[in-house]
Amino acid sequence: MTTFTEAAESAEAWQVQPRALIVTIYGLYARETGGWLSVAALIRLMAELGVDEAAVRSSISRLKQRGILEPRRQGGAAGYALSGLGRDILAEGDQRIFDRPRAASADGWLLVVFSVPEAERRRRHALRARLTWLGFGTVSAGVWIAPGHLAAETEDVLDRAGLSGYVTLFRAEYLAFGDLREQVGRWWDTARLQDLYQAFLEAAGPVLARWEGEGAAAGGADGEAFADYVRALTAWRRLPFLDPGLPADLLPDGWNGLRADAAFAALRVRLAGPARAHVLAVSR
């Protein structure tokens, strides 16, 4: 059973913005009920994550301004539903977060060559942000690279974002010069990724140990499972986008991304069921 101290430590280990927690809740639970949650249910759920009502309402307002949520009354209750944009963003993340593929050496490479006029600097920033989020590394200012298995996803994302007109895509094979593993270390900041994975592992370890030990024996409360799972997923979900899924033979020695992946999978198996049961009980 989670003590107050343990819950506080879990929240502190995974410090995330309330807005990100709300997106996680909608992604996990709202889509199976038409994309809508009442304001009252959302406030109650967020309270279990340590977020007060004022912060919830402020975060909802920001998500509404960004076009992700839309106000809607249902059965006489005030609430918010996912917009078309919100649904697209969540659908884009599903495979990466829950079933992300890893490249094989035979997949080759995908090159993006782009040029954006100086007068359209905002579009250039948007393009770079999208490429980073897709997992691309940088060969030079206008040449970015990713494993070849990301080709279809890249084409779809850039087209839907209205950025395809600035970009030319190539499939490529590395020929020379230099050791390919060393080149990969230049194209991607693998050291930063290692640090991010390690931070996740250090936060996930105690939570997983608690649920596999005392929590499992005591049948830990569904509300605690909800809080731990939403925090864990919110902390986790950006990492699969920053990680390009490089072939195993090109990963740095001691790569901890695979251990972090296994830790998240174990948390999901242990917590997803009771967390969903809790949300259904709250949102009735």
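All residue numbers refer to positions in the sequence shown, counting from 1.
- Heavy-atom neighbours of Arg276 CZ from other residues, nucleotides or ligands within 6.0 Å: at or below the threshold of 12.
- Remark: Ser164 OG to Asp159 CG distance equals 4.5 Å, nearest 0.5 Å.
- Checking each of Thr132, Leu134, Val139 against Phe136 for a side chain to side chain contact (heavy atoms under 4.5 Å, CB included) leaves exactly one that passes, namely Leu134.
- Counting heavy atoms from C-beta on, the side chains of Gln198 and Glu202 come closer than 4.5 Å.
- With sequence neighbours excluded, the residues satisfying ring-ring contact (aromatic ring centres under 6.0 Å, His included) with Phe241 are Trp133.
- Every residue two or more places apart in sequence or in another chain was checked for a ring-ring contact (aromatic ring centres under 6.0 Å, His included) with Tyr26, and none qualifies.
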Exercise. Show your reasoning for whether side-chain contact (heavy atoms from CB on, under 4.5 Å) applies to Tyr229 and Trp211.
Key: CA-CA 11 Å; Tyr229 186 46; Trp211 281 98; over 6 Å; no
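- Within the structure, the side chain to side chain donor-acceptor pair (under 3.5 Å) test picks out the following pairs touching residues 49-59 (sequence neighbours left out): Glu53-Arg57, Ser58-Arg62.
- Scanning both residues, Thr154 and Leu110, for their nearest heavy atoms gives OG1-CD2, 3.7 Å.
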Quiz item: So Arg130 and Glu92, salt bridge (charged side-chain N to carboxylate O under 4.0 Å, His left out) or not? Walk me through it.
Solution: CA-CA 12 Å; Arg130 274 298 189 181; Glu92 183 182 318; 3.0 Å; yes
Practice problem: Apply the test side-chain hydrogen bond (donor to acceptor under 3.5 Å, both in side chains) to residues Tyr197 and Asp261: give CA-CA distance (whole Å), side-chain angles for both, the deciding distance (0.1 Å), then the verdict. | Solution: CA-CA 9 Å; Tyr197 279 130; Asp261 201 0; over 6 Å; no
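- Arg192 has its side chain within reach of Leu242: a pair of non-hydrogen atoms, C-beta onward, lies under 4.5 Å apart.
- Between the side chain of Arg123 and the main chain of Gly162, a donor-acceptor pair closer than 3.5 Å is present.
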Exercise. Carefully, step by step, assess Leu28 and Leu233 under the rule side-chain contact (heavy atoms from CB on, under 4.5 Å).
Key: CA-CA 10 Å; Leu28 282 172; Leu233 178 54; 3.5 Å; yes
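- By the 4.5 Å heavy-atom criterion applied to side chains, Leu111 and Leu169 are not counted as neighbours.
- Shown here for Ala263 and Leu208, the closest heavy-atom pair between the two residues is O-CD2, 4.4 Å.
- Heavy atoms only, all atoms of each residue included: Leu150 and Arg96 are closest at CD2-NH2, 3.3 Å.
- When all heavy atoms of Ile97 and Trp236 are compared, the closest pair comes out as O-NE1, 3.6 Å.
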Practice problem: Start with the C-alpha distance between Val207 and Arg231, add both sets of side-chain angles, then the distance that settles side-chain contact (heavy atoms from CB on, under 4.5 Å), and finish with yes or no. | Solution: CA-CA 11 Å; Val207 177; Arg231 288 192 191 104; over 6 Å; no
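- Open room surrounds CD on Glu155; 12 or fewer heavy atoms of other groups in view lie less than 6.0 Å from it.
- With sequence neighbours excluded, the residues forming a side-chain contact (heavy atoms from CB on, under 4.5 Å) with Ala20 are Thr234, Arg237, listed by chain and number.
- More than 12 heavy atoms of other residues, nucleotides or ligands sit less than 6.0 Å from atom CD of Glu32.
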Exercise. Applying ring pair (Phe, Tyr, Trp, His ring centres under 6.0 Å), run through Trp109 and Tyr174 and close with a yes or a no.
Key: CA-CA 8 Å; Trp109 299 97; Tyr174 182 75; 7.9 Å; no
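- Pairing each heavy atom of Leu246 with each of Pro147, the nearest pair is CD2-CG, 4.0 Å.
- Taking 4.5 Å as the limit, some side-chain heavy atom of Arg128 sits within range of a side-chain heavy atom of Phe114.
- One distance of note links CD1 of Ile60 with CD1 of Ile68; it measures 12.5 Å at 0.5 Å rounding.
- Using a 4.5 Å heavy-atom cutoff, the side chains of Asp243 and Arg102 are in contact.
- Under the 4.5 Å side-chain criterion, counting only non-hydrogen atoms from C-beta, Arg181 is in contact with Asp253.
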Practice problem: Could you give me the CA-CA distance, side-chain angles and deciding distance for Arg210 and Asp228, then say whether salt bridge (charged side-chain N to carboxylate O under 4.0 Å, His left out) is met? | Solution: CA-CA 11 Å; Arg210 169 162 44 84; Asp228 280 342; 3.1 Å; yes
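- A distance of 5.5 Å separates CG of Leu131 from CH2 of Trp144, quoted to the nearest 0.5 Å.
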Exercise. Assess whether side-chain contact (heavy atoms from CB on, under 4.5 Å) is satisfied between Leu251 and Thr190, documenting all intermediate values.
Key: CA-CA 9 Å; Leu251 294 173; Thr190 53; over 6 Å; no
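- Listed by first and then second residue, the ring pair (Phe, Tyr, Trp, His ring centres under 6.0 Å) pairs that reach into residues 35-81 come to none, sequence neighbours excluded.
- The line from CG of Leu37 to CD1 of Ile25 is 8.0 Å long, rounded to the nearest 0.5 Å.
- Here the side chains of Leu127 and Val167 are in contact, with some heavy-atom distance below 4.5 Å.
- Taking each heavy atom of Val282 and Ala41 in turn, the nearest pair found is CG1-O, 4.0 Å.
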Show the atom names and distances, to 0.1 Å, of all donor-acceptor pairs under 3.5 Å that link a side chain in residues 44-51 to residues at least two apart or in another chain.
residue: Glu48; atom: OE1; partner: His278; partner atom: NE2; Å: 3.0
residue: Glu48; atom: OE2; partner: His278; partner atom: NE2; Å: 2.5

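- Using a 4.5 Å heavy-atom threshold, the side chains of Trp188 and Pro244 count as touching.
- The distance from atom CD1 of Ile43 to atom OG of Ser38, rounded to the nearest 0.5 Å, is 8.5 Å.
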